[in-house]
Number of protein chains: 2
Amino acid sequence: MNKSIFYHAGCTVCVSAEHDIVKLVGSENVTIINIGEQKSKISEAENSGVVSVPALVRPNGNVLHINFGAAISDLK
Amino acid sequence: MNKSIFYHAGCTVCVSAEHDIVKLVGSENVTIINIGEQKSKISEAENSGVVSVPALVRPNGNVLHINFGAAISDLK
């Protein structure tokens with residue numbers, strides 16, 4: 001798949017970063033997942049190497065942790 | 001200006017993030033500044049709200065701190 005995945009938790013920091021990322025890479029190039037609401041996606045995010053949100057996982061597997069909203073461990 | 005500015009300090013974390021950002025937003029949309037080499041740009045980065053590198057400053061002024069390479073204070 002060629003889309004990046006943006007994980008967030010709905011907090012202010014996350015929402016602001018989401019707007020920036022969508023603007024930068026284009027909404028068609030990113031799937032947005034709120035792991036604050038979709039708890040089942042937390043393990044998926046962790047398996048991708050996400051340790052805090054907001055974070056962007058690239059198609060090549062690289063993880064970009066952007067600013068700092070919340071630690072994954074705080075969302076469980 | 002419509003370009004984002006990517007500040008980095010040449011470290012491994014920065015270089016990796018630089019590749020990701022250039023890939024995501026396109027090299028024509030980002031100016032890359034190494035403040036490890038161009039010390040005169042440190043105050044410019046600080047005035048933009050950059051507190052650590054790598055960081056991306058958007059045209060609208062928002063700062064995205066990406067992963068963590070080095071604190072600005074360590075680069076002076």
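The structure displayed is predicted, hence computed values, not measured ones. In the text below, chain A, chain B and the rest are named by the order of the sequence lines, each starting its count at 1.
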Novice: State, yes or no, whether a side-chain contact exists between A:I21 and B:L24 at a heavy-atom distance under 4.5 Å.
Specialist: no
Novice: For chain A, which residues from residues 45-53 of chain B have at least one heavy atom closer than 4.5 Å to it?
Specialist: none
Novice: Under 4.5 Å, heavy atom to heavy atom, which residues of residues 66-76 of chain B contact chain A?
Specialist: B:I66, B:N67
Novice: Under the rule for side chain to side chain contact (heavy atoms under 4.5 Å, CB included), what residues qualify as partners of B:K39, not counting sequence neighbours?
Specialist: B:I42
Novice: With a 4.5 angstrom heavy-atom cut-off, is it the side chain or the backbone of B:N29 that approaches chain A, or both, or neither?
Specialist: neither
Novice: Return the set of residues passing side chain to side chain donor-acceptor pair (under 3.5 Å) with B:D20 (not counting sequence neighbours), or none when no residue passes.
Specialist: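 So B:D20 forms a side chain to side chain donor-acceptor pair (under 3.5 Å) with A:R58, A:N62.
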Novice: Are B:F6 and B:V25 connected in a single hydrophobic cluster, I mean Ile/Leu/Val/Met/Phe/Trp/Tyr linked by side-chain heavy atoms less than 4.5 Å apart?
Specialist: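 Same cluster: B:V25 reaches B:F6 through Ile, Leu, Val, Met, Phe, Trp or Tyr contacts under 4.5 Å.
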Novice: Assigning hydrophobic clusters by single linkage (Ile, Leu, Val, Met, Phe, Trp, Tyr; side-chain heavy-atom cutoff under 4.5 Å), is B:I32 placed with B:L56?
Specialist: yes
Novice: Is it possible for you to say whether B:V57 and B:I33 belong to one hydrophobic cluster, with membership spreading through side-chain heavy-atom contacts below 4.5 Å?
Specialist: yes
Novice: Is B:V30 reachable from A:L64 through a run of I, L, V, M, F, W or Y residues, each pair having side-chain heavy atoms under 4.5 Å apart?
Specialist: yes
Novice: Are B:Y7 and B:V13 linked, directly or through intermediate hydrophobic residues, by side-chain heavy-atom contacts shorter than 4.5 Å (ILVMFWY only)?
Specialist: no
